[in-house]
Structures are given as C-alpha cells and as structure tokens.
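Everything numeric in this text was worked out from a predicted model, so none of it was measured. Each chain gets a letter, A, B and so on, in the order the sequences are listed, and its residues count up from 1.
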Amino acid sequence: MSEPATDAPGLSDAERDELRRHGILLTKIEELVNLGRSKSVWPLQFGLACCAIEMIAASMARFDIARFGSEVFRPSPRQADLLIVSGTVTKKMAPQVVRLWNQMPEPKYCIAMGACAISGGPFKQGYNVLKGIDRFIPVDVYIPGCPPRPEALLHGLIQLQEQIRTAKSSGPKTTRHLRPGDCNYPVPEFGDRDLEPPANPAVWQPPQIVRSEKA
Amino acid sequence: METLEQIRDRLLARFPGAEVTLVTNPGAAAQHSLSLGLAHAAAMALFLRDDAELKLDYCSNVTGVDWPEKEIIESTKVSVPDPAGGPAKIVEQKTKRIQPGSLEVVYHLYSMAKKHGPVIIRLRTANRTDRANVPSLTPVWRSCEFQEREVFDLFGVKFDGHPDLRRILMWDEFTAHPMRKDYVEPDDYEWEPTPHGTVLDKAKAHYPPSALVAAAPAAPAHGAPTHAAPAPKEAPKP
C-alpha cells in the first residue's frame, strides 16, 4: 500500500530506483528536508544520571557520535533538536525536564535512554522517581539497558534518523509536530504527596491488562 | 579508646542529673551506643568533641530510626493455690501494654586527632507527632547540617537550633515523611501485565477481577481477544 496523496502518482519506489540507476533523480522537497534534518540532529547537553556517562562516552572519540551528525551538543534548549533523557528522572526533576522540552523549538525529538527514563527502572517501586518520562513527553525512541552501551545509543540515534527520514508532512502518518493541537505539554506542579497531575493524559494512558486464555 | 561504660560514667560525673544509658546491640556487629537525654545533649556533645581523651572531632554520619507505636503482649506465669488443697496450678496471665512510638537520631562520631572511633550516640524524641524535637548538633559538628536536614525531610524530626532546617531531598510542598514506617506512597504505579505479590494486591484495587484471573472463560476485559467462542466463519462465496 502506498501513500496516495504524497507519493508521486504512478511511480513506485522500485521504479524510482530504476530511474535513479539511469541518472534521473526524482525526489520531493519533503524528502530533501527530511534527509537534511536526519543528518544533523543536535542533542541537548543534558544528563541526569549514570546513563549520561555513556552518552558522554558516545560523544567522545572512541564511539564518535559525530559520524552520525550529532556531535554538536547544545548547551541551550533553544538550539537543540533532540532531548536525550539520560537517566533517572526524579519527581523533583520532572517539571524542569518538561520545561526544557517546552523550550526546544519544533521539530524536536526525544530519546528515553535507559531503564529509568523508560519506566523508572530499578526505582519503579519507589515513591520519588517518575515512572517513565513518557508520562509527560512524547518519546520517539526507547533505548533499554542499565545503562545502555554507547553502541546502543548510536543505534537508537540511527533509528531516530530513520524515523525522521521517512516522516510525512500530510496524511494519516503525519509527523508529530505537524499535527494540530499537539504542542502544549503542561508542566506538572509539586503537590503535597505527588506531582500534580501525575501524568499528562494527552500523552500517556495507563496500560490495560490483556490476558489471553490458555490454549 | 575508652569503653562506652567509661565514657558513660565520665559523662554522668561531669553532668549530674543527665540521662545517659548504654544501648547494647545484640547482633553480630555489636555496635553498642549511648542514648543521651535531650536536656543535656548539646552540652554532652560539646564535651565529647572537646575532651582531651576522646577528641571526637568528626561526625561522619547522622541517620534516623522510626519506632512506631507497638503493642506488646507479656505473658507471666502465676501459680494459683488450689482451694481444695491440691497442688497449685500454674496459670498464664497475659497483659497488653502499648509501647509509645518515638523517633531516634543516631550520630556516628570519630576522632581524626586520636584516630579512633566510632562512638555512636542516640537522641530519642518524646513521641512521633507533636513532640518530635531533638536539639540540633550542627553547632557542635558542622558536618551534621545536611544530614540533619535529610533526617528532618525523611523522618520528620525537628532539630531545635538548626541554622537552616528545610527539606533537602523532597520538594518544599511535600508534606509526608517517606522513611516513616506508616508512610503511604502515592498511587502512581504503572500496572504490570503479570502482576504478582504486593503489585498484584494493588492491581486488584484498580482493575475488575475478571481482568486479573488468568483463565477467565467469559467476558474478556478491555477488549482481549477471546478464543472460547470463535466467530463463525463466513460461508465461502460461490
């Protein structure tokens, strides 16, 4: 099934590849923009816990995140494209993380790095750790691990680049930042027992238990 | 270093009327400690720091202990004489007694000058609610400042004379004390698909019972696909 409205009418990907072999390049502005975006994703220089050490290692010479165009760690959220939530998000830190996310310009992407950022990890049963940053922020790529090795972070980055490269600007699979009404991420407030609200219902709903019966 | 008994005796001689009791630790560590009465605690701490023999100039650790209210049932055996003149019967009598709860602050002291330690002292509050006060030892050992704030944050012990008694780990609007044994944590678990143990108990409060029974034959909850009654296949088209 091809995307009817966005793809060139009457030309499949195989046919375009065939034309490309004969020296005729058929493309769209959208694809060029996506290609440019995916090859220079600037992360925010922002670390929370031990995963940040692996993120630093990924940025240094041995693993060299510069090979994928992401070496420019920006110290300001106004210049960053990618928020790597690298580590445990305590409830005390969560409003600041959401605020940083709100300060980043669109298009922006989020990687939840490590077990803590995904679900709370080993601190899930505790009282003071947010059980996954996806309660407040839409996460594009989850990287499991405790902490993930730098190779895993690079793999996650490549996955994100793949997502960016195939992003659609219209149709049912429109990329997140072009959808209407998806730009407001309320910053949670400190309540007397917990964050208020404990999750953003527009982003996250509690999972439902689905049991299949025994065969 | 002097033994704790010697330190206790010297403290009692130096501060007449003060309460100093030796708390023994029956465990393998055998780290015994001195429980100091609150009235003279600050003065006794100064004495421990400045005494020429002890010179406990370094407080390495401050922590808290929560002792909730506890009901203790004591059984005593009483021999009741038989009125008929036979042998006396032994009757077990049970008495209930409520041990009041309290909070305790434990300080581990070392001497950098004399290279000995630790000497462990304890301060015990009167109760866990309105009289949860102890004198702060931050004026004696500066290193107590943040650790006393932590004990204040997590246990709710109020330190009289602390220079800056604020919460240090939780946010300022937080009202509970998480390390107390009767703390109820916020209900924000993300329920796991296969809950067990305490998570299962909590999941029961959130989901209908049919969703938690593994082999529920009917009424699949939350749109689970059912295999018990497969949909009749469409008749093949001619």
Can you tell me how far [atom2] of [Y] sits from [atom1] of [X], rounded to the nearest 0.5 angstrom?
| X | Y | atom1 | atom2 | result |
| --- | --- | --- | --- | --- |
| B/E173 | A/E189 | CD | CD | 8.5 Å |
| B/M170 | A/T90 | CE | OG1 | 8.5 Å |
| B/D172 | A/D192 | CG | CG | 13.0 Å |

Can you name the closest pair of heavy atoms from A/R193 and B/F174 and give their distance?
-> O-CE1, 3.1 Å

What are the two closest non-hydrogen atoms of B/E185 and A/Q125, and how far apart are they?
-> OE1-O, 4.2 Å

Around [X], counting heavy atoms of other residues, nucleotides and ligands shown, do more than 12 lie under 6.0 Å from its [atom1]?
| X | atom1 | answer |
| --- | --- | --- |
| B/M179 | CE | no |
| B/E19 | CD | no |
| A/R62 | CZ | no |

Output yes when a side-chain donor or acceptor of B/W171 lies under 3.5 Å from a complementary backbone atom of A/D194, and no otherwise.
-> no

Residues of residues 116-151 of chain B with a heavy atom under 4.5 Å from any heavy atom of chain A, in residue-number order, are none

